[in-house]
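Below is one structure, written out as structure tokens; comments come after it.
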There are 2 protein chains.
Amino acid sequence: MKAPSNGYLPNSAEVEWKTINSELWHACAGPLVSLPPVGSLVVYFPQGHSEQVAASMQKQTNFTPSYPDLQSKLICRLQNVALHADPETDEVYAQMTLQPVNKYDKEAILASDMGLRQSRQPTEFFCKTLTASDTSTHGGFSVPRRAAEKIFPPLDYSMQPPAQELVAKDLHDTTWAFRHIYRGQPKRHLLTTGWSVFISTKRLFAGDSVLFIRDERQDLLLGLRRANRQQPALSSSVISSDSMHIGILAAAANAAANNSPFTLFYNPRASASEFVIPLAQYNKAMYTQASLGMRFRMMFETEESGVRRYMGTITGISDLDPVRWKGSQWRNLQVGWDESTAGERPSRVSLWEIEPVVSPFYICPPQFLRSKFPRQPGMPGVGHSILMSFYMDI
Amino acid sequence: MKAPSNGYLPNSAEVEWKTINSELWHACAGPLVSLPPVGSLVVYFPQGHSEQVAASMQKQTNFTPSYPDLQSKLICRLQNVALHADPETDEVYAQMTLQPVNKYDKEAILASDMGLRQSRQPTEFFCKTLTASDTSTHGGFSVPRRAAEKIFPPLDYSMQPPAQELVAKDLHDTTWAFRHIYRGQPKRHLLTTGWSVFISTKRLFAGDSVLFIRDERQDLLLGLRRANRQQPALSSSVISSDSMHIGILAAAANAAANNSPFTLFYNPRASASEFVIPLAQYNKAMYTQASLGMRFRMMFETEESGVRRYMGTITGISDLDPVRWKGSQWRNLQVGWDESTAGERPSRVSLWEIEPVVSPFYICPPQFLRSKFPRQPGMPGVGHSILMSFYMDI
DNA sequence: ATGTAGGCCAGATGCCGACAA
DNA sequence: TTGTCGGCATCTGGCCTACAT
């Protein structure tokens with residue numbers, strides 16, 4: 001599982017090898033991001049983009065593109081995944097090549113059994129949101145005690161003061177060196193020399209996060225996640241995102257019509273919700289009968305790169321865009337949240353994002369499920385086994 | 001012709017008003033950039049992009065998109081133009097909405113008579129390429145004498161030393177203040193206080209250019225043009241440019257098939273050659289019979305934002321991409337240049353970029369022209385009048 | 001346990017004329 | 001005419017501890 005000279009790749013058998021360190025990429029992408037394995041089937045929901053595009057396009061040009069050939073979902077085979085990081089911002093993104101699949105044949109089911117791959121969090125890492133002091137020109141970086149002891153090589157505490165040089169590599173294989181010192185009253189771990197050039201070169205500010213991970217070879221890797229600063233109005237995202245999204249819709253429509261592959265870019269930290277879903281995950285969700293008042297849990301990322309589940313209730317089921325994407329399941333569930341810090345959580349979610357909280361009484365009998373989701377020709381009857389594994393997962 | 005509070009717009013009757021200062025935008029775009037007026041007909045040559053896309057796509061994914069419905073050119077009505085500037089880089093670009101036109105009807109000819117609009121250079125402006133001293137932290141900006149006397153408000157030379165504060169606005173309406181002082185031995189104009197923050201905030205380096213223009217209200221405007229630095233490999237341009245270009249091809253193909261409008265972005269300083277050509281300019285070029293050995297002139301931009309013509313000879317006529325865009329006229333002329341500083345000038349150009357150098361003996365009789373470019377059904381016979389105006393223009 | 005402020009020194013910033021191309 | 005350098009005053013950057021939360 002080891003790539004020759006650049007860390008190791010969890011999915012190296014399936015993911016094309018790139019110079020990007022895959023473990024660091026996933027750490028930067030966050031704990032909730034899991035890319036489907038190459039060769040699997042995925043569901044691509046174009047309206048995930050359309051929603052955002054329509055708003056900005058209408059502002060800009062009073063014109064909304066329409067692609068009548070494009071269904072609200074598109075089942076594809078994932079031909080290729082490549083990991084990238086923007087050299088300016090270190091923003092991580094993935095490039096996927098998708099081949100539309102027309103027939104819902106047996107191969108589809110087999111491939112769907114490849115299932116989801118959990119994105120393993122690196123075993124040893126920490127993530128800290130930068131404070132004003134961390135980013136000031138006046139001083140260095142204050143390392144949380146547990147983090148320093150877990151991740152950094154142990155200091156020689158017989159020295160006065162204990163200190164060493166740390167070397168870490170970022171996603172572009174650029175090397176950064178820091179002086180790690182343990183001093184002050186009370187004693188603390190600090191990064192001094194080298195820290196300010198890192199901060200200024202990467203253009204980091206208070207609120208952004210840095211993460212250090214230690215790989216199997218004890219090498220230090222250094223990633224970052226920028227805070228979601230509001231984009232300046234009429235920014236380059238007009239080009240790089242809107243135009244891209246329009247292009248994605250057009251390319252998907254074209255690819256579906258011609259049975260040809262197309263490429264899209266997935267930026268996990270820019271788009272809050274997935275628009276490429278592993279077919280297994282989608283199928284699993286389709287066995288859930290969503291209903292008003294249904295209780296569910298959903299995972300969110302914490303500031304320290306962990307996950308936490310919040311509970312909510314389905315308050316409505318309706319099309320997000322009844323005109324252009326009627327009957328689409330993309331964010332068709334309106335939800336309320338138990339905890340009142342509401343602004344942070346979305347008011348609309350999709351069925352495959354949530355985990356229903358079920359009591360045995362709420363299990364729908366299989367025959368009801370089949371009547372709502374009739375078995376496709378050539379699709380073997382796997383309802384029970386999937387149903388079982390589904391409940392076992394919860 | 002004046003917009004209420006933000007400079008004036010040369011094309012204000014036709015170009016939608018934006019918060020971008022149009023005069024400064026055109027100055028930054030360069031003397032050779034002229035946008036066609038809204039409402040006119042333009043020819044869109046998709047392969048201008050395809051050429052670049054194919055190379056990078058094959059590197060990335062071993063997959064070249066193909067859009068069989070897309071002809072090598074697409075006649076469109078220009079519905080809208082908006083001017084923008086990237087807030088990070090100040091790179092100027094235009095956003096155009098194009099409606100494909102299927103019929104080559106009379107309206108097309110009338111619209112084509114709207115002709116080209118010359119991009120007027122601002123009357124009072126100067127452009128200087130920054131030296132190492134200009135960008136060093138050690139000092140300020142040395143203003144060329146003629147430039148300072150032409151553009152800046154006159155100094156009070158009775159002061160010792162003569163000095164004043166200059167205030168200028170950039171494309172984002174951000175205000176910059178500089179101390180303008182006339183001192184030294186020999187005397188010279190310098191910008192001191194305020195200059196270094198401008199340099200560092202805009203991230204300018206030796207080789208980049210700044211330009212000061214004075215508008216009709218005597219206000220100073222401040223633009224910049226970055227040197228063509230080589231892009232870092234696998235940069236964000238993979239997203240913002242390649243994906244965009246693919247999207248443009250797909251969107252154009254879709255729009256042509258559905259007779260619907262599409263939007264594209266035109267970055268005049270990134271793409272060396274036009275891919276949106278005013279129909280009048282195209283038609284005019286089509287009355288030129290290109291032949292091996294033909295002499296021509298072509299305009300290029302000088303470093304100081306002027307233009308100069310170089311002479312060359314047509315050395316070959318061949319398809320740029322014989323497989324996918326057979327018979328396309330986009331850069332189908334291979335050329336040699338008279339002056340031997342060859343590397344700077346392209347080896348392939350398109351017919352509408354050049355000005356043939358003709359002697360009376362080389363004028364083709366009209367009947368020959370007609371046999372090569374047969375009159376379209378419904379297209380009135382305007383050959384002679386256009387032919388005349390063409391030669392008069394030279 | 002860790003964020004921020006004050007002290008203090010070294011090195012960078014930035015204004016100047018000299019000189020040369 | 002204007003690019004670069006040496007001289008020099010000033011200010012910021014950056015390492016340290018103290019103190020507060």
Side-chain angles (χ1 to χ4, degrees), chain A residues 126-152 155 159-166 176-201 204-210 303-304, chain B residues 126-152 159-166 177-201 204-210 303-304:
Chain A
F126 79 88
C127 175
K128 185 195 176 190
T129 301
L130 298 173
T131 67
S133 300
D134 290 332
T135 51
S136 147
T137 58
H138 196 59
F141 175 64
S142 181
V143 190
R145 181 193 190 85
R146 301 171 149 274
E149 288 169 353
K150 186 170 69 171
I151 304 302
F152 295 159
L155 286 167
M159 296 169 70
Q160 279 311 327
Q164 65 182 334
E165 178 173 71
L166 292 183
W176 301 89
F178 307 106
R179 176 170 168 85
H180 169 208
I181 191 169
Y182 184 70
R183 63 163 170 78
Q185 196 47 252
K187 292 276 181 279
R188 73 195 61 192
H189 292 272
L190 296 164
L191 300 187
T192 59
T193 310
W195 180 252
S196 65
V197 288
F198 175 72
I199 287 294
S200 59
T201 305
L204 294 171
F205 301 93
D208 296 335
S209 303
V210 295
E303 203 166 76
E304 296 78 20
Chain B
F126 79 87
C127 174
K128 185 196 178 191
T129 301
L130 298 174
T131 67
S133 301
D134 291 331
T135 51
S136 147
T137 57
H138 195 59
F141 175 65
S142 181
V143 190
R145 180 191 189 87
R146 302 172 148 273
E149 288 170 354
K150 185 171 67 171
I151 304 300
F152 295 160
M159 296 170 70
Q160 282 307 328
Q164 65 182 335
E165 180 174 69
L166 292 182
F178 308 106
R179 176 171 169 83
H180 170 207
I181 191 169
Y182 184 71
R183 61 160 171 81
Q185 195 48 252
K187 293 275 182 277
R188 72 196 63 189
H189 292 271
L190 296 165
L191 299 189
T192 57
T193 311
W195 179 253
S196 66
V197 287
F198 174 73
I199 287 294
S200 60
T201 305
L204 293 172
F205 302 93
D208 297 335
S209 303
V210 295
E303 202 166 76
E304 295 78 20

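Below, chains carry the letters A, B, ... as their sequence lines are ordered, and counting in each starts from 1. Bear in mind that the values here come from a model prediction, so they are computed numbers and not experimental data.
- Remark: A/Trp176 engages A/Phe198 in a ring-ring contact (aromatic ring centres under 6.0 Å, His included) (not counting sequence neighbours).
- Rounded to whole Å, atom P of D/dT4 lies 13 Å from atom CZ of B/Phe141.
- Within the 4.0 Å cut-off from OP1 or OP2 of D/dG14, not a single side-chain nitrogen or oxygen of A/Thr193 is found.
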Run the side-chain donor-acceptor check on residues 183-191 of chain A: report pairs under 3.5 Å with partners two or more places apart or on a different chain.
from     : atom 1 : to       : atom 2 : distance (Å)
A/Lys187 : NZ     : A/Gly184 : O      : 3.3
A/His189 : ND1    : A/His180 : NE2    : 2.9

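- By the side chain to side chain donor-acceptor pair (under 3.5 Å) test, B/Thr131 is found to be paired with B/Asp134, residues two or more places apart in sequence or in another chain being considered.
- Across all strands shown, A/Thr137 has heavy atoms under 4.0 Å from base atoms, whether or not it also approaches the sugar-phosphate.
- In this structure B/Thr193 satisfies the side chain to side chain donor-acceptor pair (under 3.5 Å) test with no other residue, sequence neighbours excluded.
- Two residues, B/Lys128 and A/Gly194, neighbour DNA chain D, and the one matched to the more 5' nucleotide by heavy-atom proximity is B/Lys128.
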Protein-to-nucleotide contact annotation, 5' to 3' order, nucleotides 16-21 of chain D [B base; S sugar-phosphate only; - none; under 4.0 Å, heavy atom]: BBBB--
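- B/Trp195 places a side-chain heavy atom less than 4.5 Å from the side chain of B/Val210.
- Using cut-offs of 30° and 60° for the angle between ring planes, the A/Phe152 and A/Phe126 rings count as perpendicular.
- The CG atom of B/Leu204 sits 4.5 Å away from the CD1 atom of B/Ile199 when rounded to the nearest 0.5 Å.
- Nucleotide D/dT1 holds its C1' atom 11 Å from the NE2 atom of B/His189, rounded to whole Å.
- For the helix from C/dA1-D/dT21 to C/dA21-D/dT1, the terminal axes (five pairs an end, C1' atoms, rotation from four pairs onto the next four) enclose an angle of 40°, given to 10 degrees.
- In this structure, B/Ser196 reaches the sugar-phosphate backbone alone: every heavy-atom distance under 4.0 Å involves primed, P, OP1 or OP2 atoms, never a base.
- Residues passing the salt bridge (Lys or Arg N to Asp or Glu O under 4.0 Å) test with B/Glu149 are B/Arg145, sequence neighbours excluded.
- Residues forming a side chain to side chain donor-acceptor pair (under 3.5 Å) with A/Ser200 (at least two apart in sequence, or on another chain): none.
- What you find for A/Ile181 and A/Pro161 is that their closest heavy atoms are CD1-CG, 3.6 Å.
- For the OP1/OP2 pair of D/dG3 and a distance below 4.0 Å, the side-chain nitrogens and oxygens of B/Ser133 include no atom meeting the criterion.
- When rounded to the nearest whole Å, the span between CG of A/Leu191 and C1' of D/dC15 equals 14 Å.
- The stretch residues 144-151 of chain A touches DNA chain C through A/Pro144, A/Arg145, each having a heavy atom within less than 4.0 Å of the strand.
- Along DNA chain C, read 5' to 3', the first and last nucleotides having any atom under 4.0 Å from a heavy atom of chain A are C/dA1 to C/dG7.
- The shortest distance between side-chain heavy atoms of A/Thr129 and A/Asp208 does not fall below 4.5 Å.
- Within the 4.0 Å cut-off from OP1 or OP2 of D/dT2, not a single side-chain nitrogen or oxygen of B/Ser142 is found.
- Remark: B/Ala132 pairs with no residue by the side-chain contact (heavy atoms from CB on, under 4.5 Å) rule, at least two apart or across chains.
- Scanning for side chain to side chain donor-acceptor pair (under 3.5 Å) contacts around B/Thr192 gives an empty result, with sequence neighbours left out.
- With B/Lys128 contributing its side chain and B/Ser142 its backbone, the two residues share a donor-acceptor pair below 3.5 Å.
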